[in-house]
Amino acid sequence: MPHDVQYTHLAIQNLGWYLNLGIIIFLIGLYGALSRRNAIAILMCLEMMFSGINIMFAAMAEKWGITWTLQSFRLANNVPSPIGQIFIVFIITIAAAEAAIGLALIIAMYRHFRSIQVEEINLLRW
Amino acid sequence: MTADAIQNWTGWDSLPVVHFLILSATIIGAALAVVTLRNLVHAALCLIILFGATAGFFLLLNAEFLAFAQVLIYMGGISILILFAIMLSRKLVGWDIVMTNRQSIPAAIVCMCLGALLLMPPPIGMIHSVDWSPEPSLSITKQMLLDNPEMAATAREYFHQDMVQWFEDQERQAAAENREPIQAVGTTNWYAPNSLALGQSLMSTYTLIFWVASFILTVAMIGSLYIARKDDGMQTDPRGEEL
């Protein structure tokens with residue numbers, strides 16, 4: 001488009017607020033994951049980090065993620081790509097798988113060691 | 001604070017700002033509670049609040065499908081999984097038990113440095129050094145809609161309003177305010193029905209991701225069943241308890 005044509009933004013104005021918030025949630029989760037001793041608490045903090053990243057992805061998708069091309073107006077089958085939201089769907093799936101496997105590992109760990117404090121799990125430590 | 005004052009201050013409509021502030025206070029409080037609470041069950045309940053606030057943010061960002069998926073999967077599924085795992089392990093509550101390890105202070109320093117690196121104003125911070133303003137991939141003008149009735153029909157269907165009418169409204173407003181009217185709209189900035197777009201593209205362009213995700217979920221389910229199953233005779237429980 002030519003530079004002198006005025007156009008408007010109907011999307012969210014302050015992307016930076018959402019990015020700040022997502023990063024704050026991510027960092028709080030990172031601190032928890034680094035400092036908690038309980039394996040379940042570490043897993044919960046990981047889920048929190050995923051949530052922060054998901055908020056950032058959703059904000060970016062809302063800002064300019066859904067791209068309408070000229071083709072998507074000409075062909076009814078050619079649809080826009082909400083790529084940011086597809087990322088979130090994938091992250092949610094991976095996080096669900098990660099939580100299931102992590103909690104199964106924690107149950108197995110508890111059965112073996114009678115503890116889920118991560119410092120006491122030193123079977124493979126040199 | 002009136003609605004106009006909020007709008008002048010933030011550049012937003014007032015309602016999303018109020019929602020944003022309430023939701024961000026909720027989510028940060030819940031996050032701090034998850035990190036600091038000594039009782040794991042309370043921490044898990046705060047995690048459910050955090051997931052709910054995340055779903056609220058998705059609704060605020062027009063990602064309605066993801067909001068309901070978040071409620072179903074996280075608030076319904078994963079939090080129950082975490083609560084079961086807590087209940088299946090030994091209770092470790094009490095003021096004499098140290099909940100953080102020796103890395104606590106270095107971890108806090110690392111997180112603060114990372115936060116400063118990301119969040120500071122432009123010379124240092126990485127996030128705000130980037131120009132996030134969107135570039136339209138296609139600009140639609142009123143003339144394009146008038147020339148191409150199919151395009152106008154598609155635009156009307158997708159945007160839930162008559163776009164020619166919208167342009168005329170803009171022109172009337174601009175004439176009333178004695179300024180240049182908006183002549184084109186970058187199409188990346190339109191409101192789009194996100195669930196429709198998400199479902200159609202997951203079934204067409206990005207269907208490989210869909211298949212890979214379902215395969216990963218199957219593998220994870222089988223793997224977690226295998227890992228968590230009871231080994232008969234392999235490990236004897238010293239206290240003879242059933243787990």
Side-chain angles (χ1 to χ4, degrees), chain A residues 1 5-11 13 15-16 19-21 23-25 27-28 30-32 34-38 40-41 44 48 51 55 58-59 62-64 66-70 73 79-82 85-86 88 90 92-93 96-97 99-101 103-108 110-112 116 119, chain B residues 11-12 24 31 34-35 40 47 54 57-58 61-63 66 73 78 81 85-86 88-89 100-101 103-104 107-108 111 115 118-119 127 132 134 137-139 151 154 180 182-192 194 197-198 200-201 205-206 209 213 216-217 220 223-224 227-228 235 243:
Chain A
M1 75 187 274
V5 173
Q6 288 188 8
Y7 64 93
T8 182
H9 305 299
L10 297 184
Q13 299 289 320
L15 179 67
L19 296 187
N20 285 349
L21 185 86
I23 285 172
I24 287 170
I25 300 299
L27 288 175
I28 293 173
L30 180 63
Y31 169 72
L34 287 177
S35 68
R36 295 290 287 232
R37 291 174 71 210
N38 196 307
I40 296 176
M44 281 155 56
M48 205 156 85
S51 278
I55 290 171
E62 173 64 16
K63 184 78 174 181
W64 76 106
I66 296 193
T67 307
W68 295 82
T69 58
L70 199 55
F73 281 93
V79 291
S81 64
Q85 297 192 18
I86 288 173
I88 297 178
F90 203 61
I92 286 177
T93 313
I101 290 185
L103 290 170
L105 277 174
I106 288 170
I107 296 294
Y110 179 72
R111 195 176 279 147
H112 193 84
I116 54 170
E119 290 157 340
Chain B
W12 283 7
S24 54
V34 170
V35 173
L40 267 187
L47 193 70
T54 310
F57 275 114
F58 286 160
L61 290 166
N62 280 331
L66 292 174
I73 296 174
I78 289 181
L81 208 64
I86 292 170
L88 284 174
S89 59
T100 55
N101 56 19
Q103 305 166 15
S104 169
C111 289
L118 289 169
L119 296 178
I127 290 289
W132 295 107
S137 64
L138 166 71
S139 60
M151 188 168 168
T154 315
E180 281 289 302
I182 288 163
Q183 294 155 6
V185 174
T187 48
T188 53
N189 304 321
W190 291 91
Y191 170 73
N194 281 320
L198 185 66
Q200 283 182 340
S201 58
T205 315
Y206 300 100
I209 289 175
I216 286 173
L217 277 181
S224 55
I227 291 169
Q235 293 135 13
L243 190 63

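A note on names: the letters A, B, ... follow the listed sequences, proteins ahead of strands, and every chain is numbered from 1. Computed from heavy atoms alone, side chains included, the values below leave out hydrogens, waters and symmetry copies.
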State which residues pass side chain to side chain contact (heavy atoms under 4.5 Å, CB included) with A31(B); sequence neighbours excluded, sorted by chain then number.
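Partners of A31(B) under the side chain to side chain contact (heavy atoms under 4.5 Å, CB included) test: I25(A), I28(A), M48(A), L50(B).
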Who are the side chain to side chain contact (heavy atoms under 4.5 Å, CB included) partners of L34(A), not counting sequence neighbours?
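Scan of L34(A) (side chain to side chain contact (heavy atoms under 4.5 Å, CB included), adjacent residues dropped) gives L30(A), A107(B).
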How many angstroms lie between atom CG of L119(B) and atom CD1 of I127(B), to the nearest 0.5 angstrom?
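L119(B) CG to I127(B) CD1: 7.0 Å, rounded to 0.5 Å.
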Looking at G32(A), S51(A), A99(A), which one has more heavy-atom pairs under 4.5 Å with chain B than the rest?
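Answer, by heavy-atom pair count under 4.5 Å with chain B: S51(A).
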Among I24(A), I106(A), T93(A), residue most engaged with chain B (heavy-atom pairs, under 4.5 Å):
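Of the options given, most contacts go to T93(A).
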Side chain / backbone / both / neither for I23(A) at chain B, heavy atoms under 4.5 Å:
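When you check distances to chain B, only side chain atoms of I23(A) fall under 4.5 Å.
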Y31(A) side chain near V35(B) side chain, heavy-atom distance below 4.5 Å
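A side-chain contact under 4.5 Å exists here.
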Sub-4.5 Å side-chain heavy-atom contact between L61(B) and Q85(A):
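L61(B) vs Q85(A): side chains apart.
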Let me know if I73(B) has heavy atoms under 4.5 Å from chain A in its side chain, its backbone, both or neither.
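Interface part for I73(B): side chain.
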Is it the side chain or the backbone of L47(B) that comes within 4.5 Å of chain A heavy atoms, both, or neither?
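Contact with chain A is through the side chain of L47(B) alone.
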L118(B), I227(B), I216(B): which one forms the most heavy-atom pairs within less than 4.5 Å of chain A?
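When all of L118(B), I227(B), I216(B) are compared, I227(B) has the most.
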